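Lettering follows sequence order; numbering is per chain, from 1. Only a predicted model underlies this, so the values are computations on that prediction, with no experimental measurement involved.
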Amino acid sequence: MEYEVRAESFRLEINENVYQRFSAYIESYNYNVESGGILVGILDPSHNSIIITDITEPFDRDRQTRYGFHRMEKGHQEKMDQLWEQSDFKKTYLGEWHTHKQKRPCPSNIDIKNWIKISKKNIHNSQRLFFIIVGTEEIGVWMVVHDMVKKLEVVEN
Amino acid sequence: MLDLQKEFIKFQENIKLDDENQKLRDKRDILLKKLKNTISDDAASYSTFNQGSYAMGTGIYPEDEDYDIDVGIKFNIDKDDYSDPLEPKMWVKDALDGHTKKVEVRRSCVTVTYQENGESAYHVDFAIYAADNADEKMYIAKGKTYSDDEHRYWEVSDPQGLIKAIKNKYSGDDALQFRRVIRYMKKWKSHNFSSNGDSAPTGIALTILAYDGGFSINKKYDWATGKYIYDDFSALCNLVYNIKKRFSYSWSSEAGQMCHTMSLSLPVEPYNDLFVKMTDKQMENFYQKINKMLEKLNEVKGKTKRSEACTILVELFGEDFPVTVDKSMVGTSESA
Ligand SMILES: [Zn+2]
């Protein structure tokens, strides 16, 4: 699946296996508590694009409640390190995803604050970070770059 | 400064094309067999050798998927017995004619072009030499079928001496760094100049710029492992800096403006100027691009993030340069 920001040439690609994981949530998840994890992928500057290739999913240690998902470092960091090494050091952290019991997901104020807080840390390999919310019928994709939150649109072919 | 050696090594693996490439060897061997079987009885005896960048160990995959294989054919003839250099060229042309749709006599070679459906294009250039001359030098046959006498001639040439010079300049692991850095320059060229060949320096010109004082080995001894650690990035920066310094700036009456130009001789016969086909304006354009490259390389030196350094190198060399990243720190995240 390909996404773009309106009026920018940048493209975000979500690999099929990742997209299928999100679809599986839409198909069969009960949404009684929120789920989430990190987005992992590779940078492709020659095509002005970024590709999400992997995600992590909740570990026991993460706190999952009806209206919240608190992701811990442990588990996700190890998975990230493993993907990094296996990819000849090409895969990087690209952002977060979590679920909402909403048909068309919309970020909460806490979500937006959290996204900006994460992207303000000057430790990331990518200047653009992505945040995905998986609703009960649709997924929403946002990008944060220089403290600006922008909604991404599906590219029409 | 970041250590980018792993990235450069991977980059080189991505672009490198050498004589061990089976597909190229097959195309060449088929034609050489065909030549052997069908060449006219009137033709003199001959031997063959590989020339061009694959033979020098500096070949890269062509960006336009048009593979170029260079073969030398040394006829055991004295050039003085063949006042028309077209004659031995036609021995080869006639023997190979019909093998593919396109077999042509070009100015400096006989070219056989392959283009299979949907596949990459290949062309094999046969350079024809008279190898049994009174002065013990080799001469290449120049001229096309309809060239007038003035454009048909034998020109002294030493392709094997050139290959030897390049191959023997360094030995062992040093030679590998020398060839890697030449490949980086050639890839930079194909990524930064339009495919119109005349406006860009040739591969051999870039090779000789490195050979003739531009390049020096960059390595340091590692006491821990007892091995030398090569630094291709620094060697490349140094070469680009030396190329820039080699230009001189003067008034060009041809261009009607100040231009950066240089001349550069082939280190073997016929010692011709390797930039002779470029206009002063094209040389100025080459200089500007070298300057830009040097700026970008200096920018890389200032980067502390691997992803940012690699992004600049992708700009310079294209997507064959790998984009690696530093270890990610995922932290924690609180969503609602
Ligand atoms: Zn939320």
Side-chain angles (χ1 to χ4, degrees), chain A residues 34-47 56 62-63 65 67-81 83-85 87-100 107-115 117-118 121-127 131 133, chain B residues 2-16 60-61 63-64 184 187-193 232-233 292-293 296-297 299-300 302-336:
Chain A
E34 288 191 5
S35 277
I38 64 166
L39 306 174
V40 178
I42 57 175
L43 310 176
D44 182 7
S46 62
H47 298 100
T56 60
D62 298 332
R63 256 205 342 267
T65 60
Y67 295 110
F69 177 74
H70 192 166
R71 181 183 66 68
M72 300 301 166
E73 189 174 328
K74 205 145 174 50
H76 301 277
Q77 180 67 54
E78 285 75 9
K79 179 73 191 174
M80 177 70 249
D81 293 346
L83 289 168
W84 180 56
E85 279 169 30
S87 65
D88 279 334
F89 311 105
K90 285 183 181 158
K91 287 187 179 173
T92 181
Y93 170 83
L94 287 175
E96 306 280 334
W97 72 275
H98 70 288
T99 58
H100 271 193
S108 67
N109 287 338
I110 292 175
D111 288 339
I112 302 263
K113 258 200 219 153
N114 178 47
W115 296 354
K117 187 180 129 198
I118 289 173
K121 293 186 199 163
N122 189 29
I123 56 166
H124 303 295
N125 294 314
S126 174
Q127 284 201 348
F131 298 91
I133 301 179
Chain B
L2 291 164
D3 173 6
L4 295 165
Q5 187 64 6
K6 281 203 186 77
E7 284 77 1
F8 272 95
I9 294 290
K10 179 79 187 130
F11 172 44
Q12 205 246 177
E13 281 166 14
N14 290 342
I15 61 174
K16 163 179 158 175
I60 63 167
Y61 274 95
E63 208 141 289
D64 54 4
Y184 305 150
K187 185 63 198 184
W188 165 80
K189 171 201 144 177
S190 68
H191 191 67
N192 288 275
F193 288 81
D232 289 7
F233 176 72
K292 185 90 196 156
M293 183 185 196
K296 293 273 173 198
L297 292 173
E299 223 182 291
V300 170
K303 292 293 177 192
T304 51
K305 280 186 188 169
R306 202 164 283 275
S307 57
E308 292 178 1
C310 291
T311 297
I312 298 170
L313 292 164
V314 166
E315 252 181 82
L316 277 177
F317 298 114
E319 59 184 312
D320 290 312
F321 199 92
V323 182
T324 58
V325 297
D326 300 305
K327 180 183 161 89
S328 294
M329 306 305 264
V330 308
T332 61
S333 162
E334 196 158 9
S335 312

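- Under a 3.5 Å cut-off, the side chain of B/Glu319 and the backbone N or O of A/His47 do not form any donor-acceptor pair.
- If you take CG on A/Leu43 and SG on B/Cys310, they are separated by 9.5 Å, rounding to the nearest 0.5 Å.
- With sequence neighbours left out, the ring pair (Phe, Tyr, Trp, His ring centres under 6.0 Å) criterion links A/Phe69 to no other residue.
- Only the side chain of A/Glu34 comes within less than 4.5 Å of a heavy atom of chain B; its backbone N, CA, C and O stay farther away.
- One distance of note links CG of B/Asp326 with CD1 of A/Ile123; it measures 11.0 Å at 0.5 Å rounding.
- Only the side chain of A/Ile118 comes within contact range of chain B, with heavy atoms under 4.5 Å apart.
- Looking only at side-chain heavy atoms (C-beta outward), B/Val325 and A/His124 stay at 4.5 Å or farther from each other.
- Atom NZ in B/Lys305 sits 9.0 Å away from atom OG in A/Ser126 (nearest 0.5 Å).
- Ranked by heavy-atom pairs under 4.5 Å with chain B, the first of A/Asp44, A/Ile110, A/Asp88 is A/Ile110.
- A/Tyr67 touches chain B through its backbone: at least one of N, CA, C or O sits under 4.5 Å from a heavy atom, while the side chain does not.
- Interface remark: A/His98 contributes side-chain atoms only to the contact with chain B (heavy atom separation under 4.5 Å).
- With a 4.5 angstrom heavy-atom cutoff, A/Lys91 touches chain B only via backbone atoms.
- A donor-acceptor distance shorter than 3.5 angstrom exists from the side chain of B/Ser307 to the backbone of A/Asn125, with no hydrogens or angles considered.
- Under the 4.0 Å criterion applied to side-chain N and carboxylate O atoms, B/Lys327 and A/Asp81 are assigned as salt-bridge partners.
- Looking only at heavy-atom pairs under 4.5 Å with chain B, the residue among A/Gly68, A/Gly36, A/Pro45 that has the most is A/Pro45.
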Table please: side-chain donor-acceptor pairs of residues 329-336 of chain B below 3.5 Å, with sequence neighbours left out.
| from | atom 1 | to | atom 2 | distance (Å) |
| --- | --- | --- | --- | --- |
| B/Ser333 | OG | A/Glu96 | OE1 | 3.4 |
| B/Ser333 | OG | A/Asn114 | ND2 | 3.1 |

